[in-house]
Amino acid sequence: MSTRYNHREVEPKWRARWAASAIDRALAPEEAKGKKKAYVLEMFPYPSGRIHVGHSRNYTMGDVIARFRRSNGYNVLHPMGWDAFGLPAENAAMERGIHPKGWTYDNIAAMREQLKLLGLAIDWSRELATCDATYYKHQQAMFVAFWKKGLVYRKKQKVNWDPVDNTVLANEQVVDGKGWRSGAPVETRELEQWMFKVTAYAEDLLAAIEKLTKWPDKVRLMQSNWIGKSQGAKIWWDIESAPAFLPASPAGEPNHARDPIEVYTTRPDTLFGASFLALAPDHPLTKAIAAHNPEVAKFIEQCAHLGTSEADIEKAPKFGVDLGVRVRHPFDPNWILPVWGANFVLSTYGTGAIFGSPAGDQRDLDFANKYNLPFKPVVLPPGADAATYAVTDEAFADDGVIYNSKFLDGLGTRDAITRAIDELVKLEKGEATTQWRLRDWGVSRQRYWGCPIPAIHCATCGVVPVPEKDLPVALPEDVTFDKDKPGNPLDRHPTWKHVKCPSCAGDAQRETDTLDTFVDSSWYFARFTDPNNPDAPFDKKLAGYWLPVDQYVGGVEHAVLHLLYARFFTRAMRDCGFLDGVADGEPFASLFTQGMVVHETYKSAAGAWLLPEDTDIKDGKRIELNTGAPVDVGAIEKMSKSKKNVVDLDAFVNDFGADVARWFVLSDSPPERDVEWTASGVKGAWNFVQRVWSLTDAHGHPAPKPGEPAPAMEPEAHALRQLAHRAIQSVTDDIENFRFNVAVARCYELVNAIAKLKSEDGGSLFARGEALRILAQLISPFMPHLAEECWEKLGFLGFVATAPWPEADPALAARTSVTLPIQVNGKKRAEIEAPKGAAQADVEKMALEHPLVAQFLEGQTVRKVIVVTDRIVNIVAN
RNA sequence: GCGAGCGUGGCGAAACCGGUAGACGCAGCGGACUUAAAAUCCGUUCGCCGCAAGGCGGUGCGGGUUCAACUCCCGCCGCUCGCACCA
């Protein structure tokens, strides 16, 4: 009789043994002696509080890869750290009067202990937190270096301003155009901000995507669209008339007053369909007119309440105002068009001015219809008739044939664009140009809990960097977070910002903005290669040895920004002399984006969110555990603290064990897709753990060593050996390709087959022992504790975690015959068993002779027989 | 609004390059063991028709390409993610 597997004893025992043997420590390059390196990294967490099972999926996936690589003889670097600056710490400070630092470090301590429960093969000696001055000191040094290299500058940027709280709001703090705390309508304000010149690398960031072949295509496409290189034309529209109050232009400053208005377009072929010009609300000309025209001022004011997020601006109903300016069409000086201000024109893209060609752009068409602006179609869709084709509510934005357009008539869209640009150049009214959607990265945040920007404002010397010897510029800890004293605590700190200018020694002030937390996460992967270096961000040799990250694992929500910023930072670090050995500037050689863990949401009758553990199922209905009241079962959503649909990791590990949690999040759903956390799924994982253990325990013999010669055996035992060796092939391949759910299914098949072989003869004992050994090894990346316990039970010394990965015997894994389906006219009618690789003629003969097939072919003529070797036979007959 | 992705039994899913749709798990049903329950074991499970052999239908919806379509193409519907100050 077998003993029950007790995870409460087994799991801590093995974690202690691994720690005592330091098996998770990455070897220094000189220790690694010919081993290849593998740097496996999961996106590091924000220390929000406690870990729930939803978080565990990301780390478990990385851990499977890390353990798999180690078994395959690699020197593995698998570190963990904390993305520890950010808004939630300040919110906690304001709501509960806890200092962000204490709150953050308490959370880190709690989460570290929880993560350790999972049995992750992490080199904890490399742990870092971005809020440590030992970390951000180097970030400040790099900021200064980037500055000196011309990659940092200052520029006015729009921000969301809460007029009641007197503070800048993040986009997520703006709800329906109002501040989330004050409820006051947000205003748009312009602030002088620090910028990183990401656009300096635009061409390279785009071109290099092609070489990132181990990234998901969807992420590559999103990056590429985000960078958004477009070819088009700048067009200058001469002003025909303007309100009298507009002054003459200052010399040499474009887009002022009476200068021609510069417009960017990708579709100069539709110029003859132009109906109006539209300027962004913050276009210089719009602002200049607003100073004298109350109606335009009101328009700008209305736009200022839309928020700064692109989604909000584009979703808002379109509105505008006639600016009273008239321009001449570049191809026809007698054609006069009105100039409008419009809320859907983005000042951050192109020149902040467009020409509206309503028949070819839905936004322009909606706008023209709303304000009764005339328009006519100039692009004829393929197959449409010029005499009858008309546009009313639906624009045609695709390629077609140009008409109603004088010298462009009859040309296709592509040719017409070239022809139109040629004409613009000839008339000196425009030129071809390349435009990027990518903008420079604004890194200033008016917040306390972030990395201070190492700059000093001096009335005499201007803005000067903090000298390297004075770094780090440390955050002061004696700050207050009273709700009635809004704004940035750094700014109102009594002494912190007052310093002497490093160049003239006069009175000066520190920059009180801190850095966007995306900066912290743009280089942490490099710091992990040399995390305790006091003098430099990292040693160039160590970073050169470990980088790039061989496998990066994280959520799709980071597909654009974090990854783009890290790619930028790696290039900037290279070009500023911090980093060698990453010549192409790419930090992540291979990327995997995993799906989330989702769970049903529960609400009480009173409308309060309920934790799953506070509910139960009675008579098929979900009720509140304490009161028995019925529970409202809501949507299945991403596990989040706010909706309480979380399962706490500690409690779960205590009840079921870390291995069950690890196995569950990897079974069933493909890793890139979301997985729903369910009690029944947990049960399946739990049963499997028990089954693996009871089979191993019941075997009662030491298992044969890898490569040990097999005795003669019955066909059933031989079949088990074949299946076990095929499982090695499949699981190896599945892990390599991130098909963890399929690997899990193969392990189930192996267990089922082991359980089926009941004989106790020598051959069977050998086959079963070998299969159990292979099973323990195959599950070891997934369920490391159970695997160690089985490994020990089977009589092996040392850790399964460090044992070499099993190798399949090709002779056993190979198949000698295959089952071929036979179709008649595409429908399966029979099956035949044929030798693997059998000649097509032989297979065809067998197929046609099959009685069922013959029956179907009666009275019909065989027209064609398709034989796909080892796959299928299809007989076409009528 | 723009960009990207996803959609297969009662449920999670598998199906590698266009070649047997539903591997594997959960749940269900039938049975064995048991005083009983749990656990375990055996069998069974896409729908419809049929005693059966077998047949017909079936991968969100509508078309198309092909000897053959979950897979490729066109058009819809639904859901999810990102949109630059959440991380």
Side-chain angles (χ1 to χ4, degrees), chain A residues 4 43 45-46 48 83 85-88 157 159-160 168-174 193 198 216-219 221-222 224-226 228 308-316 318 344 348 362-363 366 437-447 516-518 520-521 555-562 564-565 593 595-596 598 637-638 667-670 672-676 678-685 687-688 690-691 694 733 737 739 741-742 744-749 752 755 819-828 830-831 852 863-866 868 870-877:
Chain A
R4 210 164 164 78
M43 291 180 184
Y46 179 79
S48 56
D83 191 9
F85 274 135
L87 263 188
Q157 285 278 289
V159 295
N160 296 309
V168 176
L169 297 176
N171 281 336
E172 72 154 13
Q173 295 174 322
V174 178
Q193 305 268 59
V198 181
D217 285 343
K218 62 173 176 182
V219 175
L221 189 58
M222 284 161 92
S224 169
N225 287 341
W226 185 263
T308 56
S309 116
E310 197 171 303
D312 286 341
I313 292 169
E314 295 207 18
K315 263 189 279 191
K318 285 156 195 60
F344 63 91
T348 48
Q362 195 60 45
R363 288 170 303 184
D366 293 344
R437 211 185 79 91
L438 181 68
R439 310 204 295 259
D440 283 334
W441 175 15
V443 293
S444 288
R445 299 292 181 269
Q446 293 69 42
R447 322 223 176 270
D516 180 4
T517 57
F518 269 127
D520 311 336
S521 55
V556 244
E557 63 273 24
H558 292 296
V560 176
L561 292 180
H562 162 61
L564 185 76
Y565 293 151
T593 53
M596 296 172 297
V598 296
E637 295 188 50
K638 174 184 177 177
S667 348
D668 293 354
S669 281
E672 67 278 10
R673 217 186 286 178
D674 292 349
V675 61
E676 191 192 349
T678 57
S680 59
V682 170
K683 191 180 171 240
N687 288 347
F688 183 70
Q690 299 300 333
R691 199 154 182 238
S694 70
D733 194 49
N737 292 293
R739 291 191 299 258
N741 55 326
V742 183
V744 162
R746 297 290 165 253
C747 291
Y748 275 109
E749 281 174 346
N752 289 343
T819 307
L820 290 180
I822 301 166
Q823 297 180 333
V824 177
N825 292 330
K827 287 193 178 172
K828 186 191 154 196
E831 278 182 356
L852 278 171
R863 303 288 174 194
K864 196 173 174 186
V865 180
I866 293 138
V868 183
D870 296 340
R871 282 287 190 185
I872 204 166
V873 180
N874 190 10
I875 299 162
V876 186

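In this text the structure is predicted, and so the values were computed from the model without any measurement. Proteins get letters first, then strands, A, B, ... in listed order; numbering begins at 1 in each. Just so it is clear, the values below take in all heavy atoms, side chains as well, and ignore hydrogens, waters and symmetry mates.
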Rounding to an integer number of angstrom, what distance separates [N] and [M] when you compare their [atom1] atoms?
{"N": "B:A27", "M": "B:G63", "atom1": "C1'", "value": "37 Å"}
{"N": "B:A14", "M": "B:G60", "atom1": "P", "value": "14 Å"}
{"N": "B:A36", "M": "B:G28", "atom1": "C1'", "value": "23 Å"}
{"N": "B:A23", "M": "B:C46", "atom1": "C1'", "value": "15 Å"}
{"N": "B:C81", "M": "B:G19", "atom1": "P", "value": "33 Å"}
{"N": "B:U59", "M": "B:C72", "atom1": "C1'", "value": "16 Å"}
{"N": "B:C26", "M": "B:C41", "atom1": "P", "value": "10 Å"}

Cut-off 3.5 Å, side chains only: do A:Asn752 and A:Arg691 have a donor facing an acceptor? yes
Distance-only donor-acceptor check, side chains A:Ser669 and A:Asp674, under 3.5 Å: no
Look at the side-chain N and O atoms of [X] and state whether any lies under 4.0 Å from the OP1 or OP2 oxygen of [N].
{"X": "A:Lys827", "N": "B:G57", "result": "yes"}
{"X": "A:Asn752", "N": "B:G25", "result": "yes"}
{"X": "A:Lys683", "N": "B:A27", "result": "yes"}
{"X": "A:Asn225", "N": "B:A4", "result": "yes"}
{"X": "A:Ser667", "N": "B:G25", "result": "no"}

From [atom1] of [X] over to [atom2] of [N], roughly how many Å is that when rounded to an integer?
{"X": "A:Glu749", "N": "B:G25", "atom1": "CD", "atom2": "P", "answer": "8 Å"}
{"X": "A:Leu852", "N": "B:G54", "atom1": "CG", "atom2": "C1'", "answer": "9 Å"}
{"X": "A:Lys828", "N": "B:U20", "atom1": "NZ", "atom2": "P", "answer": "10 Å"}
{"X": "A:Asp674", "N": "B:A13", "atom1": "CG", "atom2": "P", "answer": "9 Å"}
{"X": "A:Glu672", "N": "B:A14", "atom1": "CD", "atom2": "C1'", "answer": "13 Å"}
{"X": "A:Asp312", "N": "B:C83", "atom1": "CG", "atom2": "C1'", "answer": "10 Å"}
{"X": "A:Leu564", "N": "B:C83", "atom1": "CG", "atom2": "P", "answer": "13 Å"}
{"X": "A:Arg871", "N": "B:C67", "atom1": "CZ", "atom2": "C1'", "answer": "17 Å"}

Describe the nucleic acid contact of [X] in one word from base, sugar-phosphate, nothing, applying a heavy-atom distance below 4.0 Å.
{"X": "A:Val876", "answer": "sugar-phosphate"}
{"X": "A:Asn741", "answer": "sugar-phosphate"}
{"X": "A:Glu831", "answer": "base"}
{"X": "A:Gly684", "answer": "sugar-phosphate"}
{"X": "A:Glu676", "answer": "nothing"}
{"X": "A:Ile866", "answer": "base"}

Between atom [atom1] of [X] and atom [atom2] of [Y], what is the distance when rounded to the nearest 0.5 Å?
{"X": "A:Asp312", "Y": "A:Asn171", "atom1": "CG", "atom2": "CG", "value": "7.0 Å"}
{"X": "A:Glu310", "Y": "A:Lys315", "atom1": "CD", "atom2": "NZ", "value": "11.5 Å"}
{"X": "A:Asn874", "Y": "A:Lys827", "atom1": "CG", "atom2": "NZ", "value": "12.0 Å"}
{"X": "A:Ser667", "Y": "A:Tyr748", "atom1": "OG", "atom2": "OH", "value": "5.5 Å"}

Choosing from B:G19, B:A21, B:C2, which nucleotide comes nearest the side chain of A:Glu314?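 Of the candidates, B:C2 comes closest.
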Could you work out which one of B:G12, B:G5, B:U40 sits closest to the side chain of A:Asn687? B:U40
When A:Ser680 and A:Arg691 are each assigned the nearest nucleotide of RNA chain B, the 5'-most assignment goes to A:Ser680
Taking the nucleotide of RNA chain B with the closest heavy atom to each, which residue, A:Leu820 or A:Asn825, is nearer the 5' end?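 Comparing both residues, the 5'-ward one is A:Leu820.
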Assign B:C17 to syn or anti; the rule is syn for a glycosidic angle within 90° of 0 and anti otherwise. syn
How would you label the glycosidic angle of B:G9: syn (within 90° of 0) or anti? syn
Can you classify the ring geometry of A:Phe518 versus A:His562 as parallel (below 30°), tilted (30 to 60°) or perpendicular (above 60°)?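 A:Phe518 vs A:His562 ring planes: parallel.
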Atom pairs, protein N/O to nucleotides 84-87 of chain B N/O, distance under 3.5 Å:
from, atom 1, to, atom 2, distance (Å)
B:A84, OP2, A:Glu310, N, 3.0
B:A84, O5', A:Asn171, ND2, 3.4
B:A84, O2', A:Arg439, NH2, 3.3
B:A84, N6, A:Arg437, O, 2.8
B:A84, N1, A:Arg439, N, 3.0
B:C85, OP2, A:Arg445, NH2, 2.8
B:C85, O4', A:Arg445, NE, 3.0
B:C85, O4', A:Arg445, NH2, 3.3
B:C85, O3', A:Asn171, N, 3.3
B:C85, O2', A:Leu169, O, 3.4
B:C85, O2', A:Asn171, N, 2.7
B:C85, O2, A:Arg447, NH2, 2.4
B:C85, N3, A:Gln446, OE1, 3.4
B:C85, N4, A:Gln193, NE2, 2.7
B:C85, N4, A:Gln446, OE1, 2.9
B:C86, OP2, A:Asn171, N, 3.3
B:C86, OP2, A:Glu172, N, 3.0
B:C86, O4', A:Glu172, OE1, 3.1
B:C86, O4', A:Glu172, OE2, 3.3
B:A87, OP1, A:Leu87, N, 3.0
B:A87, OP2, A:Thr517, OG1, 3.3
B:A87, O3', A:Asp83, OD2, 2.7

Does any part of the side chain of [Y], heavy atoms only, come nearer than 4.5 Å to the side chain of [X], both counted from C-beta?
{"X": "A:Leu438", "Y": "A:Leu564", "result": "yes"}
{"X": "A:Trp441", "Y": "A:Asp516", "result": "yes"}
{"X": "A:His558", "Y": "A:Thr593", "result": "no"}
{"X": "A:Asp83", "Y": "A:Asp520", "result": "yes"}

Between A:Glu672 and A:Lys218, does any NZ, NE, NH1 or NH2 come within less than 4.0 Å of an OD or OE carboxylate oxygen?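 Salt bridge absent between A:Lys218 and A:Glu672.
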Under 3.5 Å, which N/O atoms of the protein pair with N/O atoms of nucleotides 6-8 of chain B?
from, atom 1, to, atom 2, distance (Å)
B:G7, OP1, A:Arg673, NH2, 3.3

Run through A:Val876, A:Val873, A:Ile875 and flag the one making a side chain to side chain contact (heavy atoms under 4.5 Å, CB included) with A:Ile866.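 By the side chain to side chain contact (heavy atoms under 4.5 Å, CB included) criterion, A:Ile866 pairs with just one of A:Val876, A:Val873, A:Ile875: A:Val876.
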Flag yes if more than 12 heavy atoms outside A:Arg871 fall under 6.0 Å of its CZ atom; otherwise flag no.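 12 or below, so no.
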Pair pattern of RNA chain B in dot-bracket, where unpaired bases get dots and | marks partners in another strand, Watson-Crick or G-U under 3.5 angstrom: (((((((..(((......[....))).(((((.......))))).((((....))))..(((((..]....))))))))))))....
